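Shown next, in structure tokens, is the structure this report addresses.
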2 protein chains.
Amino acid sequence: MDLTTQNIPDTVTSISQAAELTGLTEDTIRYYERIGLLPYADRKPNGHRHYSKDQILGIRFLMRLKATGMTLEQMRHYLELTRQGDGTLSERYTILEAHNDTIAHEIARLQETQEVIRYKLRHFRELAENPNTDAYDCEEPGSSGQ
Amino acid sequence: MDLTTQNIPDTVTSISQAAELTGLTEDTIRYYERIGLLPYADRKPNGHRHYSKDQILGIRFLMRLKATGMTLEQMRHYLELTRQGDGTLSERYTILEAHNDTIAHEIARLQETQEVIRYKLRHFRELAENPNTDAYDCEEPGSSGQ
DNA sequence: TTACTACTTGGAGTATGCTCAAAGTCAAGT
DNA sequence: ACTTGACTTTGAGCATACTCCAAGTAGTAA
């Protein structure tokens with residue numbers, strides 16, 4: 001099931017459920033708490049962590065940032081600003097805007113590479129149809145493709 | 001200057017020029033050779049590496065694969081197939097096709113995240129225009145945004 | 001009471017991908 | 001002859017992000 005649409009119980013979740021709902025491992029969640037990426041989680045009377053629905057959504061958002069190239073340290077900084085409240089709204093705005101631009105550039109680069117790969121695939125198909133007889137058909141390295 | 005359009009001298013290049021033309025450092029190029037990602041480069045009589053134009057183009061292609069998420073080990077495997085000649089064409093085709101699909105999924109995910117970020121930016125603008133008076137305005141974690 | 005399961009903490013180890021430093025070679029310039 | 005600069009090799013070290021393990025606790029079930 002797709003994580004982003006998997007629905008989250010309103011009741012508080014354990015670390016194992018949190019792991020399932022976020023796609024992380026329990027170890028990774030504990031690790032994130034240790035390095036200050038996630039705040040010290042509430043504990044049940046027996047000491048076990050528990051998470052609210054909002055916290056799970058928060059982690060999912062973070063995982064989106066991570067999946068789009070943000071480092072743990074950058075996320076940690078962003079979250080620190082969040083904890084500081086509304087006074088940091090404009091700085092957070094700037095960060096997210098910059099990250100959005102980063103993503104735009106990344107998409108452009110991926111599309112460029114898709115074109116290069118498609119060019120190469122086309123070249124391979126031609127070779128297969130029409131096996132080449134000339135001695136020089138360099139591939140990487142050195143390749144003919146950019 | 002953009003690396004992919006920067007033109008490459010026809011004459012053989014030194015490692016420092018190769019570094020400049022590929023965006024890698026000299027250390028990284030030597031490291032790649034060490035781990036078998038690049039073949040043992042030709043040496044000049046004094047032992048210095050030299051690279052042909054085609055080799056530079058090959059490295060650039062590799063860097064595209066890397067920039068789009070392929071690991072060094074996967075690239076090493078691909079290049080090994082290349083060295084084995086035309087008999088591996090169909091396997092290489094499959095690899096590149098699969099990588100192209102990976103890129104397509106990656107683009108989709110990036111675009112999804114852009115939407116989430118834009119939603120959040122819009123939310124921030126609303127907050128700035130119309131500072132909120134209610135006590136509960138959670139941000140990550142736990143956040144209101146997906 | 002014993003066993004089992006789900007957690008806890010703290011610390012060590014691992015994978016990937018570089019990055020740097022030490023010591024040496026070679027050729028050109030003064 | 002000596003210095004400078006661009007390289008060489010080998011090996012160690014580092015940053016990021018986990019991942020695993022050992023030892024312990026708390027609650028439940030037989």
Side-chain angles (χ1 to χ4, degrees), chain A residues 3 9 11-52 55-56 59-60 62-80 99 102 141, chain B residues 3 9 11-52 55-56 59-60 62-80 99 102 141:
Chain A
L3 273 180
T11 59
V12 137
T13 61
S14 66
I15 194 168
S16 62
Q17 289 172 302
E20 189 160 339
L21 293 168
T22 58
L24 298 172
T25 67
E26 298 179 24
D27 271 330
T28 301
I29 293 174
R30 291 192 199 99
Y31 166 68
Y32 284 173
E33 184 182 307
R34 241 193 302 190
I35 64 167
L37 178 59
L38 299 176
Y40 187 80
D42 290 346
R43 310 293 151 124
K44 286 185 272 195
N46 64 5
H48 292 192
R49 288 167 181 83
H50 61 117
Y51 298 90
S52 69
Q55 284 173 320
I56 299 298
I59 294 173
R60 282 190 185 169
L62 279 188
M63 290 312 103
R64 277 197 177 282
L65 294 182
K66 181 176 181 300
T68 53
M70 200 179 271
T71 65
L72 301 188
E73 177 51 31
Q74 289 170 319
M75 290 189 274
R76 214 200 44 66
H77 176 230
Y78 179 83
L79 291 181
E80 199 174 298
H99 189 60
T102 302
Chain B
L3 274 181
T11 58
V12 135
T13 60
S14 67
I15 194 167
S16 63
Q17 288 172 304
E20 189 161 340
L21 292 169
T22 60
L24 299 171
T25 67
E26 298 179 24
D27 270 331
T28 301
I29 293 174
R30 290 191 199 101
Y31 167 69
Y32 285 173
E33 185 181 308
R34 244 197 299 193
I35 64 168
L37 179 59
L38 299 177
Y40 186 79
D42 290 345
R43 310 292 152 124
K44 286 184 271 194
N46 64 5
H48 292 192
R49 289 168 181 81
H50 61 118
Y51 298 90
S52 68
Q55 284 173 319
I56 300 299
I59 295 173
R60 281 190 185 171
L62 279 187
M63 291 312 103
R64 278 198 175 281
L65 294 181
K66 181 175 181 301
T68 54
M70 200 178 272
T71 65
L72 300 189
E73 178 51 29
Q74 290 169 320
M75 290 189 274
R76 214 200 42 69
H77 176 230
Y78 179 83
L79 291 180
E80 200 173 296
H99 190 59
T102 302

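All figures in this text were calculated on a predicted structure; none of them were measured in a lab.
- Under the 4.5 Å side-chain criterion, counting only non-hydrogen atoms from C-beta, A:Arg60 is in contact with A:Leu21.
- Nearest heavy-atom pair, A:Tyr51 versus A:Ala18, reported as atom, atom and distance to 0.1 Å: CD1-CB, 3.7 Å.
- Taking atom CG of A:Leu62 as the reference point, atom P of D:dA17 lies 13 Å away to the nearest angstrom.
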If you restrict it to nitrogen or oxygen atoms, what contacts under 3.5 Å exist between nucleotides 18-21 of chain D and the protein, and what is each distance?
from   : atom 1 : to      : atom 2 : distance (Å)
D:dC18 : OP2    : A:Tyr32 : OH     : 2.4

For nucleotides 23-30 of chain C, which of its nitrogen or oxygen atoms have a protein nitrogen or oxygen under 3.5 Å away, and what is each distance?
none

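- Rounded to whole Å, the distance from CD1 on A:Ile29 to C1' on D:dA17 is 15 Å.
- Counting to the nearest Å, the C1' atom of C:dC7 and the CD atom of A:Glu26 are 8 Å from each other.
- Here the CG atom belonging to A:Leu38 is positioned 7.5 Å from the CD1 atom belonging to A:Ile29, to the nearest 0.5 angstrom.
- With sequence neighbours left out, A:Glu26 forms a side chain to side chain contact (heavy atoms under 4.5 Å, CB included) with A:Ile15, A:Ser16, A:Ala19, A:Arg30.
- For A:Asn46, the side chain to side chain contact (heavy atoms under 4.5 Å, CB included) test picks out A:Lys44, A:His48, with sequence neighbours left out.
- Looking at every heavy atom in both residues, B:His99 comes nearest to B:Thr68 through NE2-OG1, 2.8 Å.
- Using a 4.0 Å heavy-atom distance criterion, B:Arg30 is classed as a base contact.
- Here the NE2 atom belonging to B:His77 is positioned 11.0 Å from the OG1 atom belonging to B:Thr71, to the nearest 0.5 angstrom.
- In this structure, the side chains of A:Lys66 and A:Met63 come closer than 4.5 Å at one or more pairs of heavy atoms.
- Taking the side-chain hydrogen bond (donor to acceptor under 3.5 Å, both in side chains) definition, one finds that A:Glu33 meets it with A:Arg43, A:Arg49, sequence neighbours left out.
- Listed pair B:Ser14 / D:dA6 fails the phosphate criterion, with no side-chain N or O lying under 4.0 Å from OP1 or OP2.
- Separating the CD1 atom of A:Ile15 from the P atom of C:dT5 is a distance of 19 Å, rounded to the nearest angstrom.
- The NZ atom of A:Lys44 sits 9 Å away from the P atom of C:dT8 (whole-angstrom rounding).
- An OP1 or OP2 oxygen of C:dT9 is reached within less than 4.0 angstrom by a side-chain nitrogen or oxygen of A:Arg49.
- As a whole-Å value, the separation of A:Glu33 CD from C:dG11 C1' is 16 Å.
- Annotation: side chain of A:Tyr32 is not in contact with side chain of A:Leu62 (no heavy-atom distance under 4.5 Å).
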Got a list of protein N/O to nucleotides 1-5 of chain D N/O distances below 3.5 Å?
none

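- Rounded to whole Å, the distance from CD on A:Gln17 to P on C:dA6 is 12 Å.
- In this entry the distance linking CD of B:Glu20 with P of D:dA6 reads 13 Å, nearest Å.
- Contact of the B:Tyr31 side chain with the B:Leu72 side chain is registered, since non-hydrogen atoms from C-beta on lie closer than 4.5 Å.
- Taking A:Arg76 as the reference, A:Leu37, A:Glu73, A:Glu80 meet the side chain to side chain contact (heavy atoms under 4.5 Å, CB included) condition, with sequence neighbours excluded.
- Residue B:Ile35 is classed as having no contact, given no heavy-atom separation below 4.0 Å to the nucleic acid.
- Between B:Gln17 atom CD and B:Ile56 atom CD1 the span is 8.5 Å, to the nearest 0.5 Å.
- The side-chain hydrogen bond (donor to acceptor under 3.5 Å, both in side chains) test applied to B:Thr28 returns B:Thr25, not counting sequence neighbours.
- Taking the screw axis at each terminus of the helix from C:dT1-D:dA30 to C:dT30-D:dA1 from five consecutive base pairs, the angle between the two is 20° to within rounding of 10 degrees.
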